[in-house]
Structure formats: structure tokens, C-alpha cells
Enquirer: 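I have a structure I would like to understand better, so I am pasting it below and will then ask my questions one at a time.
As the structure lists them, so they are numbered: ligands from 1, and atoms in each ligand from 1. Hydrogens, waters and symmetry mates play no part in the numbers below; they use all other heavy atoms, side chains included.
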Amino acid sequence: MSKRKIIFDTDPGIDDAVALLTLLNYDDFEVLGITSVAGNKGISHTTDNASKLIRYAQKDIKVYRGAYSSYERVKEGLEAQGRDGGNVHGIDGLGGVGLPVDPNNISPISAIDFILDSVKTYPGEIEIISVGPMTNLALAIDRDEKTMRNVKKVWSMGGGVFRGNVTPVAEFNYWFDTLAVEKVYSLGISVDIVMVGLDATHQCIFDANDLTFIRLAGGEKGSLIYAMVQDYLQAYWSYNKYIGIVIHDLLPVLMAIDPTVCTRLVHSNLRIVHQGLTKGQCIVDLADSWKLEKNVYVAMDMDVRKCKELFMEVCFGKEVKETYCLVFPAL
Ligand code: BDR
Ligand code: CA
């Protein structure tokens with residue numbers, strides 16, 4: 001059977017990095033390419049970070065450089081705005097772990113060209129896992145909407161129904177580029193879009209014990225991830241008083257691998273606020289009051305234990321997962 005064809009659209013980002021290292025280890029995925037986008041850091045950093053991770057994982061996959069700023073700014077030819085995820089992801093976006101870049105795995109082809117070419121080559125087969133601002137996808141839709149209607153599925157980390165993180169009501173990726181979100185969801189009637197937002201991701205907190213387990217049992221990769229997440233851990237303590245982290249971008253990857261990690265998926269209509277105090281807020285019509293066409297599947301509840309076991313198995317192997325189950329027996 002042929003493997004599922006995946007494009008990973010990302011702004012690494014510590015949680016992006018953990019998601020990518022997991023994705024690259026899943027045998028049934030053929031990762032066609034990684035497209036970078038500005039978000040957690042500027043485009044040079046996020047592109048380099050993707051290159052570092054591919055090099056580390058020793059994969060023959062290319063990074064395609066994407067949008068340097070939000071949809072509106074790119075369209076108007078304005079410079080990047082300099083807003084990013086601050087120090088949540090450390091000085092370089094990868095917790096300062098010092099992995100080397102491989103200039104040879106950065107393609108001269110742009111992310112938009114790569115996405116469109118891939119969908120033309122494999123119409124109806126490409127799944128895009130989008131874990132940064134949706135700018136690249138929106139620009140690809142602008143360029144060739146007909147082709148983008150042939151994307152098989154979008155797995156999106158972003159948004160939230162009942163909570164925000166960058167403001168009380170807005171999640172970072174969607175807040176960063178609300179116009180792109182609107183554009184992408186305008187395809188949601190014909191292309192399945194699964195939103196794995198903050199309602200889902202905040203259920204799955206990797207606590208201090210999980211992180212220590214990863215360091216002790218996860219070999220070299222576990223030690224790398226442990227080192228990488230230290231700034232992130234500090235940020236979660238400062239902002240949320242969690243002794244642990246939410247690895248947001250990992251959740252759509254796990255769900256793409258095994259959709260049953262999500263225990264409540266709601267088909268609904270999503271709209272987003274573009275301006276003012278509530279900029280970036282998603283309005284998801286769970287009760288179907290508007291009677292509008294449904295353009296989103298929203299992950300509302302996750303089986304946290306299943307998520308963690310799946311992560312341990314895919315990222316580190318079956319034995320590590322079995323050890324995890326021995327050390328932390330399911331209640
Ligand atoms: C999202 O924002 C970024 O900081 C993370 O990488 C994740 O994609 C969470 O709101
Ligand atoms: Ca991200």
C-alpha cells in the first residue's frame with residue numbers, strides 16, 4: 001500500500017520541532033517536504049530551524065522557504081512586522097540547543113510553488129499538517145484556488161473555541177494571520193479541515209515526570225528534546241503556572257496518525273475576528289445557530305493517555321512506550 005503524502009507547514013518553534021521529529025519517524029507517512037513560515041520567529045530562523053531538524057533526523061527531505069510575514073503584509077509588499085513568539089521558544093526558536101544548519105537541504109523553490117506543484121502531481125492525495133500561521137496556504141489559494149481544492153485534508157494547530165493564549169480569546173497562529181485563516185477556511189466546505197486548537201491541546205500536558213522520562217528513556221533524541229524544552233517549560237511556568245508543557249503542534253500529528261486520539265470531533269462553522277480587542281478570536285457555531293455551511297471539524301476532547309503512549313511509540317519506539325506504561329501504569 002502506498003504511503004500517505006504529507007506536507008508539514010511549520011514555524012519551528014520547540015513544539016513544532018517535537019512534532020516534526022515524531023512525524024519523521026512514522027513509517028506510513030511519506031513527507032514530501034517541509035514548508036517554513038514566519039511565526040514563532042522570523043522566516044530565516046524558522047527555515048534554518050527546519051533544516052537543522054531534518055539534518056538531525058538524517059532525512060533526505062527539503063525545506064521550502066515560505067512567507068516572511070502575514071498574508072496582508074506579503075500581498076502589499078510590506079516588510080515583516082517583527083512580531084513573533086518572543087522568548088517562549090528560546091533565543092533561536094529551538095531552545096538554544098545549537099544544532100547545525102544544512103544549507104543543502106534548503107530548496108531554492110518557494111513554499112507556495114512547492115505546495116501547488118505537489119497538489120498538481122498528487123491531486124486528492126496530499127495532507128497538509130499546518131502548525132504555524134496559515135499564510136503559505138492562503139497565498140497558495142490566492143495563486144491557484146482550483147488546485148488547492150484538490151488538497152485531501154488540512155490538519156491545523158490553531159485557534160480555540162473556549163480559550164486563547166496570546167490574548168484571553170485568541171490563539172497565536174490564528175491571531176498572527178487572521179486573513180489567512182479566513183481564506184483557508186473558505187475552502188473548508190470542499191476540503192476537510194481539522195482544527196486541533198487550544199481546547200484540545202491544553203488537555204495534554206506533558207508534566208515534569210513525563211519530561212524526565214523522555215530524558216532518561218528516550219536516548220539521544222530524548223536528551224535533545226529535554227534540553228530543547230527547558231525555555232518552554234519556564235514559559236509555561238511563568239504564564240500558566242504549569243509544571244509541564246503543552247506540545248501543541250504534536251497533537252495534529254498524533255491525530256493524523258490515529259484519529260481515535262480525539263474523543264469528540266464536532267463538524268461546525270468557524271469564523272474569525274480580524275480587528276479590535278478580540279482580534280484572532282474564533283467563533284465556532286457548536287449549536288448550529290447560524291445554519292451556515294460547515295467548514296471545520298473541531299477537536300474538542302482528547303484521550304490524553306492514548307496521545308502520550310502514541311507519542312512515546314512513534315517518536316522513540318515500541319520498547320520506550322512499553323517502559324512508559326510500566327513506569328506510569330494507566331489508572
Ligand atoms: C502555537 O503557537 C506557537 O507558539 C506554537 O508553535 C504553536 O504552533 C500555539 O498557540
Ligand atoms: Ca508552531
Side-chain angles (χ1 to χ4, degrees), residues 7-23 34-43 45-50 52-53 63 66-67 69-70 83-95 111 128-137 154-178 180-181 184 193-206 225 228-229 231-236 238-240 242 244-256 272 279-282 298-299 302:
I7 293 176
F8 191 63
D9 191 56
T10 180
D11 61 336
I14 291 168
D15 56 334
D16 304 69
V18 178
L20 180 55
L21 292 176
T22 305
L23 177 82
I34 315 290
T35 48
S36 62
V37 67
N40 284 323
K41 292 286 175 193
I43 191 64
H45 263 119
T46 59
T47 307
D48 282 357
N49 288 347
K52 291 175 189 179
L53 292 161
V63 183
S69 194
S70 63
R83 60 182 183 179
D84 61 20
N87 278 333
V88 172
H89 297 264
I91 186 108
D92 58 351
L94 287 184
I128 300 178
I129 303 181
S130 158
V131 297
M134 288 180 143
T135 322
N136 290 336
L137 307 191
V154 177
W155 302 91
S156 159
M157 191 286 127
V161 181
F162 293 122
R163 62 174 301 160
N165 55 9
V166 69
T167 78
V169 294
E171 181 281 330
F172 178 78
N173 290 337
Y174 281 18
W175 165 88
F176 190 94
D177 197 344
T178 61
V181 170
V184 173
I193 306 177
V194 180
M195 174 179 126
V196 188
L198 298 179
D199 310 277
T201 64
H202 269 266
Q203 290 176 12
C204 190
I205 298 171
F206 284 80
I225 290 176
M228 205 155 52
V229 301
D231 287 322
Y232 203 56
L233 187 63
Q234 179 62 51
Y236 272 92
S238 307
Y239 295 126
N240 298 298
Y242 289 176
I245 58 172
V246 181
I247 313 179
H248 302 276
D249 296 344
L250 177 63
L251 277 293
V253 170
L254 296 178
M255 202 172 156
I272 188 156
K279 179 188 165 199
Q281 180 171 18
C282 294
V298 189
M302 306 302 280

Enquirer: Run the side-chain contact (heavy atoms from CB on, under 4.5 Å) check on Leu94 and Leu53 step by step: do they pass?
Expert: CA-CA 10 Å; Leu94 287 184; Leu53 292 161; 4.3 Å; yes
Enquirer: Using a 3.5 Å cut-off on N or O atoms only, is Val131 in polar contact with ligand 1?
Expert: yes
Enquirer: At a 4.0 Å threshold, what atoms of ligand 1 neighbour a non-hydrogen atom of Glu171?
Expert: 1 (C), 2 (O), 9 (C), 10 (O)
Enquirer: Would Asn165 count as being in polar contact with ligand 1, using the rule that some N or O on each side must be under 3.5 angstrom apart?
Expert: yes
Enquirer: Between Val166 and Phe176, is there a side-chain heavy-atom distance shorter than 4.5 Å?
Expert: no
Enquirer: With Phe206, which residues qualify under ring pair (Phe, Tyr, Trp, His ring centres under 6.0 Å), at least two apart?
Expert: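 Testing Phe206 for ring pair (Phe, Tyr, Trp, His ring centres under 6.0 Å), a comparison that skips the adjacent residues, returns Phe311.
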Enquirer: Using a strict 4.0 Å cut-off to heavy atoms of Met157, name the atoms of ligand 1 that fall inside it.
Expert: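 With Met157 as reference, the close atoms of ligand 1 come out as 1 (C), 7 (C), 8 (O), 9 (C).
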Enquirer: Check ring pair (Phe, Tyr, Trp, His ring centres under 6.0 Å) between His202 and all other residues, then give those that pass, not counting sequence neighbours.
Expert: Tyr242, His248
Enquirer: With heavy atoms under 4.0 Å as the rule, classify the contact between Ile14 and ligand 1 as side chain, backbone, both or neither.
Expert: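 No part of Ile14 comes within reach of ligand 1.
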Enquirer: Tally every protein N/O/S atom whose distance to the Ca ion (ligand 2) is less than 3.0 Å; waters are neither shown nor counted.
Expert: 5
Enquirer: Met157 vs Asn173, test: side-chain contact (heavy atoms from CB on, under 4.5 Å). Steps then yes/no.
Expert: CA-CA 8 Å; Met157 191 286 127; Asn173 290 337; 3.7 Å; yes
Enquirer: Not counting sequence neighbours, which residues clear side-chain hydrogen bond (donor to acceptor under 3.5 Å, both in side chains) with Thr35? List them please.
Expert: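 Per chain and number, Thr35 pairs via side-chain hydrogen bond (donor to acceptor under 3.5 Å, both in side chains) with Asp9.
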Enquirer: Short question: side chain of Asn136, backbone of Ala67 - any donor-acceptor pair under 3.5 Å?
Expert: yes
Enquirer: With respect to Asp11, determine whether any N or O atom, backbone or side chain, lies less than 3.5 Å from an N or O atom of ligand 1.
Expert: no
Enquirer: Closer than 4.0 Å to some heavy atom of Asp16 - which atoms of ligand 1 meet that?
Expert: 6 (O)
Enquirer: Any side-chain heavy atom of Tyr232 sitting closer than 4.5 Å to one from Val18?
Expert: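 No. Closest side-chain heavy atoms not under 4.5 Å.
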Enquirer: Quick one: are Ser130 and Leu137 in side-chain contact, heavy atoms under 4.5 Å?
Expert: yes
